[in-house]
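Notes for the one structure printed next.
A quick note: this is a predicted structure, and the numbers were derived from the prediction, not measured. Values below: every heavy atom of this structure, side chains too, minus hydrogens, waters and symmetry copies.
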Amino acid sequence: MSPTVESITHAMREKTSGTDYEFPYGKSTVRRLLRSMEFSHKRVQRKPTRAEACDIIAWTYPYIEQIRELCLQGYSDVYLDETWYDSYMCRMKNWTDNSENCLVPMSGAKGDRIVIVHCGGRFGFIDGALAVTHKKMANAPADYHGTMNSAIIKE
């Protein structure tokens, strides 16, 4: 996940918790510190940083807690899910000090769309249930669901 002022502040507090020097500063101070180190939050040239949306991450925690409770009660479910990854996608804004260290060159080609399907549950992933498929972006439909089909799910 791409670092944010909030995540850096949280990490500093977490790392210094219980030590002789606990990190006492807030987001504004961290932002000023980053700027004093000549970092700025702006669009960067083709910097590929993969990240989940914060709202998706926030929705995940209550769901996981509910599933944990059901498992403690003896339930055992199996889940099937799919996800996708377009190899050409990247975040357009990120913290940078304008050095080459903050840039990763990428080709102009659109690359592949990779779709991953797997099943698992309380006892881990099911052996043999992983399915990975890919298509060249030029041949892939706009919606990644179009890359999936019933044959992949049945497999």
Side-chain angles (χ1 to χ4, degrees), residues 1-18 23 26-27 30-31 34 39-97 99-155:
M1 185 150 86
S2 182
T4 63
V5 171
E6 291 82 8
S7 67
I8 293 169
T9 305
H10 177 74
M12 292 300 293
R13 287 187 179 148
E14 193 173 271
K15 287 185 185 293
T16 60
S17 178
F23 191 74
K27 294 183 292 189
V30 171
R31 186 176 289 111
L34 286 168
F39 278 84
S40 58
H41 195 255
K42 63 182 184 180
R43 285 190 180 271
V44 292
Q45 197 74 12
R46 305 286 293 174
K47 169 78 171 86
T49 302
R50 313 301 181 229
E52 289 283 346
C54 293
D55 58 336
I56 301 296
I57 294 169
W59 293 338
T60 303
Y61 291 113
Y63 174 76
I64 290 173
E65 285 301 315
Q66 188 175 29
I67 296 303
R68 185 186 343 217
E69 285 298 315
L70 291 170
C71 287
L72 290 172
Q73 295 172 21
Y75 290 93
S76 181
D77 289 341
V78 173
Y79 302 92
L80 178 141
D81 200 6
E82 67 183 83
T83 189
W84 60 276
Y85 172 79
D86 287 345
S87 62
Y88 74 96
M89 290 180 67
C90 64
R91 301 265 316 235
M92 297 310 288
K93 283 186 87 174
N94 209 348
W95 285 100
T96 179
D97 63 357
S99 73
E100 291 297 317
N101 294 333
C102 292
L103 300 176
V104 176
M106 292 180 66
S107 73
K110 285 218 173 188
D112 293 341
R113 170 173 294 149
I114 300 165
V115 177
I116 304 162
V117 181
H118 209 334
C119 298
R122 183 175 188 178
F123 302 106
F125 288 106
I126 297 173
D127 290 336
L130 174 64
V132 178
T133 183
H134 71 89
K135 287 187 177 184
K136 292 288 181 198
M137 285 304 297
N139 302 327
D143 180 0
Y144 87 96
H145 287 96
T147 307
M148 290 299 299
N149 59 44
S150 60
I152 295 169
I153 298 296
K154 285 178 184 178
E155 180 187 324

Practice item. Nearest 0.5 Å please: distance from the OG1 atom of T83 over to the NE2 atom of H118. Key: 13.0 Å
Point to revise | CD1 on I67 to CD on E69, rounded to 0.5 Å | key: 10.5 Å
Exercise for review: Can you spot which of D127, D81, L130, V78 makes a side chain to side chain contact (heavy atoms under 4.5 Å, CB included) with C119?
Suggested key: V78
Practice item. Look at atom CD of E65 and say whether more than 12 heavy atoms of other residues, nucleotides or ligands are closer to it than 6.0 Å. Key: yes
Of all heavy-atom pairs between [X] and [Y], which one has the smallest distance, and what is that distance?
| X | Y | value |
| --- | --- | --- |
| R13 | F23 | CG-O, 3.6 Å |
| A58 | P62 | O-CD, 3.2 Å |
| K27 | T9 | CA-OG1, 3.8 Å |

Check your understanding: Any sub-3.5 Å donor-acceptor pair from S7's side-chain atoms to P3's backbone N or O?
Key -> no
Review point. Under a 4.5 Å cut-off applied to non-hydrogen side-chain atoms, are L70 and Q73 in contact?
Key: yes
